[in-house]
Number of protein chains: 2
Amino acid sequence: MTEDIQRRPPTSVDVARAAGVSQATVSYVLNDNPNARVSEKTRERVREAAERLGYVPHASARALRTGHSGLVLLPLPMARTGRLAQEWLDALGDALNDAGYTLVYYGERKLKGIAAARDWAALRPVSIIVDSERLTKASVELLKSSGTRAVFGIGSEPSPLVPSMVLDHRQVGELAARHLVERGCRRLGAIVPREAGIDVMGANRWRGVCRVAPDAARLDLAFSEDEARELVAGGDLPDGVFAYNDEYAMLLISALHDAGLRVPDDVAVVGADDLPIASLMRPRLTSVHFDPTANPVELVTLLDEIVRGEREAADGTVVDLFAPRLVVRDSA
Amino acid sequence: MTEDIQRRPPTSVDVARAAGVSQATVSYVLNDNPNARVSEKTRERVREAAERLGYVPHASARALRTGHSGLVLLPLPMARTGRLAQEWLDALGDALNDAGYTLVYYGERKLKGIAAARDWAALRPVSIIVDSERLTKASVELLKSSGTRAVFGIGSEPSPLVPSMVLDHRQVGELAARHLVERGCRRLGAIVPREAGIDVMGANRWRGVCRVAPDAARLDLAFSEDEARELVAGGDLPDGVFAYNDEYAMLLISALHDAGLRVPDDVAVVGADDLPIASLMRPRLTSVHFDPTANPVELVTLLDEIVRGEREAADGTVVDLFAPRLVVRDSA
DNA sequence: TTGTAGGCGTTATCAC
DNA sequence: GTGATAACGCCTACAA
């Protein structure tokens, strides 16, 4: 009869019963609440019972009661982020962990606009880091009014709505261009990929090149060997090309080789992103590199201060993710 | 005095007050509960009030009340998963969404063993998909007893503890080897990377090669040009090499070129993973390719059945993620 | 057709 | 030192 074993997860009440104490005492002990004085003997009994029953506190119940979940939501599809970005996100997760938060990567892709914001807000995250483009005035308002303390945008442009983490791709182009100029190039060009999704970054990197060489050629290119061949065959190439990233750099170099041109003697090429694979090119590929490990702490501090209300982040606040960590890895 | 505006997120009670109905009615309307007949006029009033107040239901409260969160937890660090795996995970997330679940990528990396399991269990996920190696008997028990209905392992070996999704890397090696044999190679070899983390996969791919060519050479190699050069200089290379993946394939081909050997005439090379970049190699790289888009539905169905209790998944159940979707993309 | 009330698992404020 | 008890926001019989 009473053989009907407990199939539902054990609760703190179960632990209390098993330890012969009240449920409040269980909470005190397990949370090391300093306000309550509990004898060491009782503590031991409670801990033992919890262990034995396999008790795990219910995060939802706790969030409901305390009013905060410690969740930092990151609604990005996984595949869209490159390798360096992922390493950076992992580092961010660790840093947030250390500060008592939990980074949760929420990959939903279907919902748009305000519906997406509702979906995120349902989780009552304490903070959210999201593509600046997915944020509207209405969705930010919804998030804030539903308890999200720190809404961050992330993207290549600062958001007018919220503080944002900016990957200013012009800096990448600028650095590459300066390198090419130092190497003696006279006419610069930059490849701008035609692929949707990265075309904007490409245009920004090109603009960065223009800051150094105002008359730099804009070389629009799809990731195809045919187009690359055409580009090269068209002649009149600059003698220094920033190829957007390492993959396009290899595409271009490959087409240059096929056309009998020499790299870097005829055309110098600089890539970006520093794929491990890039070190295999002959001649070696020069690449703009981003060190992903160092930044998160700074961002976590900012986030933490905003969440605690110690700081009222102005909407225009910008955390530059690139500036401190961009270097050219030379082929030399 | 009453100017003190509501700073806490609006609740369904607030909506009820604003709409002049009871809180139950709000719940009925917003959830389209068919058991309750509510007049269209009331529905409209409720919806309008919810909209106006920016009401968003509280996921934790709902989970607490209903007893399930619909969360499927995926505790993997982002950077460890390759591009194809990510696309697959995104597709999985979409498929789960369609089935009413929510895939949540939970990147914590510090906790080990049972402590990690406690961390996961606190979220009361309905299912969890996790590296088979991170699961112990105790942690599986803890998860199950805390309400996780479907615990899945994922890895290159089936887990004895739980149903698992297996990426049987021997199949990759086997396919590559068969291709090399068909191309006329007589002596086969397989590169096994020395890097921790992928060495196991490498060994499995090599074993797959051995299933086709029992005397296949095992070529241990770190990802460095020096080692690759040594390997080639050592001579006595097989005339068909499965290079583990495309990056190693490029490393090897590069070293072969430097040594004056011809690919594929002297040594045929097959890579794997089909990086977009691999299509740029001269000569083109042959690669074992995995189509990531097709599998999730099947897995979601299985998960759903287990969750609903319609199916009692035996611990040994294995979902082979590779078999149906592995092809050789030829250089021809 | 709508409202009342109880409880999900916690934490925190009180009495004892 | 410890134990009742009242919320937190939501869902859902059941009552009106």
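Side-chain N/O atoms of Asn35(B) and Tyr28(B) include no donor and acceptor closer than 3.5 Å.
In this structure, OG in Ser164(A) is found 11.5 Å from CG in Asp131(A), a value given to the nearest 0.5 Å. Here the straight-line distance linking atom CG of Leu143(A) with atom CD1 of Ile114(A) works out to 8.0 Å at 0.5 Å rounding.
Residue contacts shown for Ser12(B) are limited to sugar-phosphate atoms, with no base heavy atom under 4.0 Å away. Residue Arg62(B) is in sugar-phosphate contact alone, with no base atom involved, counting any heavy-atom pair closer than 4.0 Å across all strands shown. Val56(A) comes within 4.0 angstrom of the backbone, heavy atoms only, and of no base. Heavy atoms of Val21(A) sit under 4.0 angstrom from primed sugar atoms or phosphate atoms, though from no base atom.
Nearer the 5' end of DNA chain D, as judged by each residue's closest nucleotide, is the contact made by Ala59(B), out of Ala59(B) and Asn35(B).
A straight line from CG of Asn31(B) to P of dG9(D) spans 17 Å, rounded to a whole angstrom. Taking atom CZ on Arg37(B) and atom C1' on dA16(D), their separation rounds to 16 Å, with Å as the unit. Per the geometry, NE2 belonging to His68(A) stands 12 Å off C1' belonging to dC8(D), to the nearest Å. In this structure, Leu30(A) places its CG atom 12 Å from C1' of dT10(C), rounding to the nearest Å. One interatomic measurement links the two molecules: CZ of Arg45(B) to P of dT1(C), which rounds to 14 Å at whole-angstrom precision. Here dT11(C) presents its P atom at 12 Å from CG of Asp32(A), a figure rounded to the nearest Å. Distance Gln23(B) CD to dG9(D) C1': 8 Å, rounded to the nearest Å. Distance, Leu64(A) CG to dC10(D) P: 9 Å, rounded to whole Å.
At the phosphate of dT2(C), OP1 or OP2 sits under 4.0 Å from a side-chain N or O atom of Thr42(B). Note on Ser39(A): every side-chain N or O is 4.0 Å or more away from OP1 and OP2 of dG1(D). Between Thr25(A) and dG3(D), a side-chain N or O to OP1/OP2 separation shorter than 4.0 Å is present. Proximity of Thr11(B) to the phosphate of dG9(D): no side-chain N or O atom is located under 4.0 Å from OP1 or OP2. Considering only side-chain N and O atoms, Arg124(B) lies nowhere under 4.0 angstrom from the phosphate OP1 or OP2 of dG9(C). Between Asn33(A) and dT11(C) there is no side-chain N or O to OP1 or OP2 distance below 4.0 Å. Between Arg43(B) and dT1(C) there is no side-chain polar atom (N or O) within less than 4.0 angstrom of OP1 or OP2.
Under the 3.5 Å distance criterion, the side-chain polar atoms of Thr66(A) are matched with a main-chain donor or acceptor of His68(A).
Within the 4.5 Å cutoff, side-chain heavy atoms of Leu92(A) are placed close to those of Ile129(A).
Applying the 3.5 Å distance criterion, the base of dT4(C) shares no donor-acceptor pair with the side chain of Tyr28(B). Side-chain to base pairing of Arg65(A) with dA12(C): no donor and acceptor N or O lie closer than 3.5 Å to each other.
Considering only the side chain of Ser22(A), dA4(D) comes nearest among dA4(D), dC11(D), dG9(D).
Residue Lys110(B) is tested with Asn97(A), Asp98(A), Asp94(A) for a side-chain hydrogen bond (donor to acceptor under 3.5 Å, both in side chains); the sole match is Asp98(A).
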